[in-house]
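A quick write-up on the structure given underneath.
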Amino acid sequence: MKVVTGETMQRMDRRSIEEFGIPGIDLMENAGQGCAAAIIERFGPAAGRMVLVVAGKGNNGGDGYVIARLLQQEGWEVQTVVLALREEIAGDAKVNLDRLDPETVMFSPPPAGLAPFAPHLERASVIVDALFGTGLKSEVQGSFAEAINLLNAAGKPVVAVDIPSGIDAGTGRTLGVAVKADVTVTFALAKLGHVLYPGAELCGDLRVVDIGIPLQVAADAEGYDFVDHGTACRLVRPRDRRAHKGSFGHCLVVAGSTGKTGAAAMAANSAVRAGSGLVTLAVPERLNAILEMKTTEAMTLPLPDGGAGRLVQDSAPALLEAIGGKSAVALGPGISWHLDTARLIRHLVTKIETPLVIDADGLNALSEDPAILQRKRSNCIVLTPHPGEMARLTGTSTAIIEADRIAAAREFAEQNGVYMILKGARTVIAAPDGRVAINGSGNPGMASGGMGDVLTGILASLLGQGYEPFDACRLGVFIHGHAADLVAADKGEIGMSAVDVQERLPWAFKTLTL
Ligand SMILES: NC(=O)C1=CN([C@@H]2O[C@H](COP(=O)(O)OP(=O)(O)OC[C@H]3O[C@@H](n4cnc5c(N)ncnc54)[C@H](O)[C@@H]3O)[C@@H](O)[C@H]2O)[C@H](O)CC1
Ligand SMILES: [K+]
């Protein structure tokens, strides 16, 4: 599904009103109706229920007034606390404020804020957070922050209007303090703040309701592809009945060093589990016997290593020859960060013309000379860094990368003409042409060694099967997390291993093609 920024949503609002003549008051009424319906559906009949609406001075508050009126019509007792002066309320919000029974509305601007209404919080069955929406522009402070803390401490179900107050709609980051909602009802399209952490977690159940924004306006809006199950179903290619093993590519995994044979095995075995026709695992000859034991379907190719137990310059001729005839190459899992191994990797990047996935120590080798990517062949290159590897690649810090993951991934991809997969909770996928996708699958059980090796094998497999690179990246990242979600549903998140995920891949693919 498409997700947008708060600014884009506000532009969509204005375009709907100005170009399509849809009155803003109608959008607000529809927004309020969508929220009220979600509240009634979720929290059942009104009998004896009191809803407390906490409103800000803008249109988020305006939605809150519509909700208050509609729930009152449904028999709910409603109290509305406006954390602003009456004269501050304007436009569509004022129209809806004036429609409320004045007996049920209290104004409590800073510095008093919500504090005097603790008894209302106590009595409420449901609290509606209509304090801030996409208009939040800076850190929440003072009595507004206190109000959010009171809401969170009340121990009552909270329904956030549009977005939990305190969450930046464009990044998902908390601006000081934020509401922890049980349900969030947003309008027309989800925002980045709903799918990026911590916003994604603070939303609770996210509902996207139609409020009458014209389809053309939504279609024209610049957005990001949030890769969910539906998207993955459209990306996966069912098998042709006449298929044979040549139909699904032959990918080469270049990996392994003493002490890191598992990474090589997981990458190769994951390529098998992601559907490759053939897989060859090229490893230092000293480790070949071990990898013969750790793989079955994948073939191994011992490379001269001078007894070092890692790839060295002398490995290059045999390796370049092996790359010929392969449909994709994975370079890096467990390959080691020794200087001559790193030098070999940089040499290969400039020589390989096959679609190439570079991970782990392969990325660290690149970090010594990222400009090498400018000199690469015309082939597609996919980099799969975690934030620390990304910091090394860009010469910055993990904190800077995490502060704006989308910008970090997109800028590097565009500047270097590569596909960038910036791993983490909600992995970001960026293409050289500026397209960005955010992955919707996965769980904390994946925070363990080897998960990256599994992903690398999946990506090389899909590229080798002929998937267009951005499709391969989106599908590969999704299916990796989805397999982990299936494992978590089966046996929880603690103790989940990378091989658990590797072995669950066929089931994960099967859910896409039912
Ligand atoms: N298509 C849609 O998405 C629709 C959205 N609607 C609702 O409108 C809000 C956006 O309303 P807006 O008036 O732009 O701003 P907010 O209500 O979100 O903000 C309230 C108010 O707060 C002030 N403010 C900003 N930052 C701070 C801060 N750190 N501390 C204190 N005050 C702050 C700012 O001046 C704002 O005026 C959207 O979320 C939807 O809920 C439409 O109603 C329906 C269509
Ligand atoms: K809100």
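For ligands, and for the atoms within them, numbers begin at 1 and follow the listed sequence.
Between the side chain of H482 and the backbone N or O of F509, no donor-acceptor pair lies under 3.5 Å. In this structure, the side chain of H480 engages the main chain of M451 through a donor-acceptor pair within 3.5 Å. With hydrogens and angles disregarded, no donor-acceptor distance shorter than 3.5 Å links the side chain of R69 to the backbone of G32. The backbone N or O of A160 lies less than 3.5 Å from no partner atom in the side chain of D129, so there is not a single donor-acceptor pair. Under a 3.5 Å cut-off, the side chain of K180 and the backbone N or O of V158 do not form any donor-acceptor pair.
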* Asked: Step by step, would you call R273 with S270 a side chain to side chain donor-acceptor pair (under 3.5 Å)?
  -> CA-CA 5 Å; R273 287 298 191 192; S270 295; over 6 Å; no
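Against a heavy-atom cut-off of under 4.0 Å, F187 is close to the following atoms of ligand 1: 40 (C), 41 (O). Under a 4.0 Å criterion applied to the non-hydrogen atoms of Q10, ligand 1 contributes the atoms 10 (C), 14 (O). Every atom of ligand 1 with a heavy atom of F144 under 4.0 Å away is listed here by number and element: 31 (C). Heavy-atom contacts of E139 reach the following atoms of ligand 1: 29 (N) (cutoff under 4.0 Å). Within ligand 1, the atoms closer than 4.0 Å to a non-hydrogen atom of M9 are 1 (N), 3 (O), numbered from 1 in the order shown.
No donor-acceptor contact under 3.5 angstrom links the side chains of D453 and T456, judged on distance only. Of the N and O atoms on the side chains of T186 and K191, at least one donor lies less than 3.5 Å from an acceptor on the other residue.
In terms of protein heavy atoms, atom 12 (P) of ligand 1 is closest to N59 N, 3.9 Å. In this structure, atom 9 (C) of ligand 1 lies nearest to the protein heavy atom N60 N, 3.6 Å. Considering only non-hydrogen protein atoms, atom 25 (C) of ligand 1 sits nearest to G135 O, 3.2 Å. If you check which protein heavy atom lies closest to atom 1 (N) of ligand 1, you get D13 OD1, 2.5 Å. Remark: minimum distance from atom 26 (N) of ligand 1 to any protein heavy atom is reached at K137 N, 3.0 Å. Nearest protein heavy-atom neighbour of atom 39 (O) of ligand 1: D162 OD2, 2.6 Å. Protein heavy atom nearest atom 42 (C) of ligand 1, with residue, atom name and distance: D63 OD1, 3.7 Å. Atom 31 (C) of ligand 1 has its closest protein heavy atom at F132 CZ, 3.6 Å.
The shortest N or O to N or O distance between K57 and ligand 1 is not below 3.5 Å. Below 3.5 Å of separation, one finds an N or O of G133 facing an N or O of ligand 1. For ligand 1, the polar-atom distance check against M28 finds no nitrogen or oxygen pair separated by under 3.5 Å. Considering backbone and side-chain N/O of K191, none are found under 3.5 Å from N/O of ligand 1.
Exactly one of I406, V4, T8, V195 qualifies for a side-chain contact (heavy atoms from CB on, under 4.5 Å) with Y224. That residue is I406. Each of T174, T184, L196, L175 was evaluated against I167; a single residue qualifies, T174, per the side-chain contact (heavy atoms from CB on, under 4.5 Å) test.
Residue I163 counts as close to the K ion (ligand 2), with an N, O or S atom under 3.4 Å. The distance from the K ion (ligand 2) to the nearest N/O/S atom of D162 is not under 3.4 Å. Here V161 meets the criterion, with an N, O or S atom under 3.4 Å of the K ion (ligand 2). Between the K ion (ligand 2) and F132 there is an N/O/S contact shorter than 3.4 Å.
Under 4.0 Å is where a charged nitrogen must lie from a carboxylate oxygen, and between D359 and K423 at least one such pair does. A salt bridge links R15 and D220; the closest N-O separation between the charged side-chain nitrogens and carboxylate oxygens is under 4.0 Å. A salt bridge does not link R11 with E222: every distance from a Lys NZ or Arg NE/NH1/NH2 to an Asp or Glu carboxylate oxygen is 4.0 Å or more.
Put simply, the angle at the K ion (ligand 2) from OG in S165 to OD1 in N60 is close to 100°, to the nearest 10°.
Cation-pi check for R99 over Y65 is not met; the charged atom does not lie both under 6.0 angstrom from the ring centroid and within 45 degrees of its normal.
When I89, T8, L136 are checked for heavy-atom proximity to atom 27 (C) of ligand 1, L136 turns out nearest.
Contacts of I211 with ligand 1, taken as heavy-atom pairs under 4.0 Å, involve the side chain alone.
The closest side-chain heavy-atom distance from D13 to I213 is below 4.5 Å.
In this structure, S138 counts as a contact residue of ligand 1, since one of its heavy atoms falls inside 4.0 Å of the ligand.
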